[in-house]
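First the proteins, then the strands, lettered A, B, ... as listed; each starts at 1.
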There are 2 protein chains.
Amino acid sequence: MYTISEISRLTETTAHTIRYYEKEGLLFPTRTKSGVRRYDETQLTWLRFVLRLRATHMPIDQIREYVKLFLASSETHDTSLERLRLLEAHQQNVRAQLAELIRTEQMITEKISVYQQLHPLVKETF
Amino acid sequence: MYTISEISRLTETTAHTIRYYEKEGLLFPTRTKSGVRRYDETQLTWLRFVLRLRATHMPIDQIREYVKLFLASSETHDTSLERLRLLEAHQQNVRAQLAELIRTEQMITEKISVYQQLHPLVKETF
DNA sequence: GCTTGACTTAGAGTTGACTCTAACTTGTAG
DNA sequence: CTACAAGTTAGAGTCAACTCTAAGTCAAGC
């Protein structure tokens with residue numbers, strides 16, 4: 001079981017942010033008698049997943065929605081299909097971002113090659 | 001020469017945002033006698049470039065820096081090398097984003113395949 | 001027992017990038 | 001000439017995601 005400072009170090013995320021994610025309903029550490037947060041491997045793995053989703057600009061609202069569905073799942077009401085749909089939606093999003101990045105990478109590479117070839121005969125634009 | 005509403009339509013950006021970019025020092029339309037903005041092809045092309053940089057999360061500060069260098073360039077003080085450095089820095093950034101997106105895309109794809117194979121024997125995690 | 005450092009909370013503050021409002025002026029079709 | 005659509009401004013407001021503050025509690029080593 002990890003303390004918040006251990007989790008902070010392991011994920012390179014400030015303790016402030018980790019508490020903020022908990023307040024936003026993304027994390028559920030257990031607590032010691034005196035109220036100190038304790039994180040297990042499952043929570044650590046999940047936080048790492050969350051950080052990946054965030055790094056690819058999935059809004060906190062949507063991550064919370066995913067968590068809510070997970071927690072709401074039961075034998076009488078299975079939410080795995082809805083969770084799958086959320087993941088698929090974000091996957092589409094990630095692919096769109098990839099396409100934009102690839103196009104922009106090419107554009108910058110071209111621009112850089114213009115700069116590298118630059119001499120007085122070449123008229124500059126922005 | 002285009003009006004702001006034409007530029008807005010052509011770039012799918014609100015006129016509000018276009019004026020905001022001007023206030024931030026990214027755009028320099030000419031003006032009619034009465035003060036109405038007019039954009040030429042160069043400005044349109046440059047705005048499209050800016051939008052690409054923004055879509056790949058280049059901060060407005062840095063784009064402004066690039067513009068300032070361009071405008072400051074003269075025969076006695078050439079800034080093209082500094083502009084090249086800015087572009088290269090963003091290129092590194094774009095490549096880092098690409099790497100993160102690719103890793104996350106794989107992670108989501110794996111997660112999705114877990115959901116698709118899901119049956120009562122598989123223990124769910126988040 | 002005391003100090004020190006890590007933890008706790010509610011809530012305020014910051015940042016970046018828009019996004020909008022209100023009051024006003026200008027261009028153009030009928 | 002008039003209506004009205006489209007333009008102008010300074011500055012206020014919004015939003016997401018942190019980021020920090022202050023005041024306090026608790027656990028471990030001397």
> By salt bridge (Lys or Arg N to Asp or Glu O under 4.0 Å), which residues pair with A/Arg95, not counting sequence neighbours?
B/Glu105
> Any Lys/Arg nitrogen of A/Arg85 or A/Glu82 sitting under 4.0 Å from an Asp/Glu carboxylate oxygen of the other?
no
> Considering only residues two or more places apart or on different chains, which pairs with a residue in residues 22-34 of chain B satisfy salt bridge (charged side-chain N to carboxylate O under 4.0 Å, His left out)?
B/Glu22-B/Arg31, B/Glu22-B/Arg37, B/Glu24-B/Arg64
> What N/O pairs connect the protein and nucleotides 6-9 of chain D at under 3.5 Å? Give each pair on its own line.
unit_1, atom_1, unit_2, atom_2, d
D/dG7, OP1, B/Ser5, N, 3.4
D/dG7, OP1, B/Ser5, OG, 2.5
D/dT8, OP1, B/Arg37, N, 2.7
D/dT8, OP1, B/Arg37, NH1, 3.0
D/dT8, OP2, B/Arg19, NE, 3.1
D/dT8, OP2, B/Arg19, NH2, 3.0
D/dT8, OP2, B/Arg37, NH1, 3.3
D/dT8, O5', B/Arg37, NH1, 3.3
D/dT9, OP1, B/Arg31, NH1, 3.1
D/dT9, OP1, B/Arg31, NH2, 3.2
D/dT9, OP2, B/Arg37, NH1, 2.9
D/dT9, OP2, B/Arg37, NH2, 2.6

> Is it the case that the side chains of B/His90 and B/Gln62 hold a donor-acceptor pair, with the cut-off being a distance below 3.5 Å and no angle test?
no
> Return the value, rounded to whole Å, for the distance between atom OH of A/Tyr20 and atom P of C/dT14.
17 Å
> Going by side-chain hydrogen bond (donor to acceptor under 3.5 Å, both in side chains), name the residues that satisfy it together with B/Asp40, two or more places apart in sequence or in a different chain.
none
> Can you tell me how far C1' of D/dG11 sits from NZ of B/Lys23, to the nearest Å?
7 Å
> Please list, by residue number, the residues of residues 90-102 of chain B whose heavy atoms come closer than 4.0 Å to an atom of DNA chain D; answer none if no residue qualifies.
none
> In whole angstroms, how far is the P atom of D/dA17 from the NE2 atom of A/His57?
10 Å
> Just jot down the side-chain hydrogen bond (donor to acceptor under 3.5 Å, both in side chains) partners of B/Ser8, sequence neighbours excluded, or say none.
none
> Under a 3.5 Å distance rule, please check whether B/Gln92 uses its side chain to pair with a backbone N or O of B/Ala89 as donor and acceptor.
no
> Quick check on contacts: within residues 59-66 of chain B, what sits under 4.0 Å from DNA chain C by heavy-atom distance?
B/Pro59, B/Ile60
> Nearest heavy atom decides the nucleotide; on that basis, is B/Lys33 or B/Arg54 closer to the 5' end of DNA chain C?
B/Arg54
> Rounded to whole angstroms, how far apart are CD1 on A/Ile18 and P on C/dT8?
10 Å
> Check residues 42-50 of chain A and write down every donor-acceptor pair under 3.5 Å in which the side-chain atom is one partner and the other belongs to a residue at least two apart or another chain.
unit_1, atom_1, unit_2, atom_2, d
A/Gln43, OE1, A/Phe28, N, 2.9
A/Thr45, OG1, A/Glu41, O, 2.9
A/Trp46, NE1, A/Leu26, O, 2.7
A/Arg48, NH2, A/Leu10, O, 3.3

> What residues form a side-chain hydrogen bond (donor to acceptor under 3.5 Å, both in side chains) with B/Tyr66, not counting sequence neighbours?
A/Tyr115
> Applying ring pair (Phe, Tyr, Trp, His ring centres under 6.0 Å), can you list everything that pairs with A/His16, at least two apart in sequence or on another chain?
none
> Just to verify, what does B/Thr76 make a side chain to side chain contact (heavy atoms under 4.5 Å, CB included) with, not counting sequence neighbours?
B/Ser74
> Report the C-alpha separation of B/Asp78 and B/Arg83 in whole Å, then their side-chain angles, then the decisive distance to 0.1 Å, and conclude whether the side chain to side chain contact (heavy atoms under 4.5 Å, CB included) test is met.
CA-CA 10 Å; B/Asp78 177 41; B/Arg83 278 176 278 152; 4.2 Å; yes
> Where do N or O atoms of nucleotides 28-30 of chain C meet protein N or O atoms at under 3.5 Å, pair by pair?
none

> Under 4.5 Å between any side-chain heavy atoms of A/Ile60 and A/Arg54, yes or no?
yes
> Provide, to the nearest angstrom, the distance between the CG atom belonging to B/Leu51 and the C1' atom belonging to C/dA17.
13 Å
